[in-house]
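Here the structure is a predicted model, which is why all the values come from computation and not from measurement.
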Amino acid sequence: MSRIVFLEERCKGCGLCVAACPVHILRPSGRFNRHGYELMEMAGTCTGCTSCAIMCPDVAIRVFRSVKPGENAA
């Protein structure tokens, strides 16, 4: 299973990642960073497509993709 890590102090809560997610697993978390911006969270199974990270204007998202059986990890 792939996972998403949000760099919380970089996030400005714009929600572009939420709109970009094709499987609709991202949502506002109700938590805020020290700058007062609402943070996003993952609420489901990530496919590792990286759409959210590509869309993020603040480069605040890291996607860690799982290696599927039969794929080369290198």
Side-chain angles (χ1 to χ4, degrees):
M1 175 171 70
S2 298
R3 67 184 176 96
I4 299 169
V5 173
F6 294 93
L7 304 178
E8 295 185 352
E9 294 310 315
R10 291 186 123 178
C11 181
K12 292 186 181 160
C14 67
L16 290 174
C17 58
V18 175
C21 180
V23 291
H24 310 290
I25 62 160
L26 301 179
R27 66 180 182 199
S29 69
R31 297 182 311 112
F32 297 84
N33 65 16
R34 66 184 172 106
H35 303 291
Y37 296 114
E38 186 172 19
L39 301 170
M40 302 299 133
E41 68 182 4
M42 187 174 81
T45 303
C46 178
T47 62
C49 73
T50 71
S51 293
C52 58
I54 292 167
M55 182 59 71
C56 182
D58 298 305
V59 194
I61 301 172
R62 300 290 183 269
V63 178
F64 296 91
R65 298 172 82 184
S66 299
V67 176
K68 295 178 185 171
E71 284 186 350
N72 186 357

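Across C17 and C52, no two heavy atoms sit closer than the pair CB-CB, 3.7 Å. Heavy-atom minimum distance, A60 versus C56: N-SG, 3.3 Å.
The closest donor-acceptor contact from the side chain of E38 to the backbone of F32 lies at 3.5 Å or more, if one exists at all.
Other members of a hydrophobic cluster containing V59 are absent, since no ILVMFWY side chain comes under 4.5 Å of it, directly or through relayed contacts. Under the 4.5 angstrom side-chain criterion for Ile, Leu, Val, Met, Phe, Trp and Tyr, the cluster partners of F64 are V5. Grouping Ile, Leu, Val, Met, Phe, Trp and Tyr by side-chain contacts under 4.5 Å, direct or through others, puts M40 with I4, F6, V18, V23, I25, L26, M42, I61, V63.
The salt bridge (charged side-chain N to carboxylate O under 4.0 Å, His left out) analysis of residues 43-52, with sequence neighbours excluded, yields no pairs. Contacts classified as side-chain hydrogen bond (donor to acceptor under 3.5 Å, both in side chains) and involving residues 11-30 (residues at least two apart or in different chains) are given here: R27-E41. Every pair passing side-chain hydrogen bond (donor to acceptor under 3.5 Å, both in side chains) that includes a residue from residues 1-10 is listed here, sequence neighbours excluded: E8-R31, E9-R34.
Taking SG from C21 and CE from M55, the interatomic distance works out to 11.5 Å, rounded to the nearest 0.5 Å. Atom CG of L7 sits about 11.0 Å away from atom CG of L39, to the nearest 0.5 Å.
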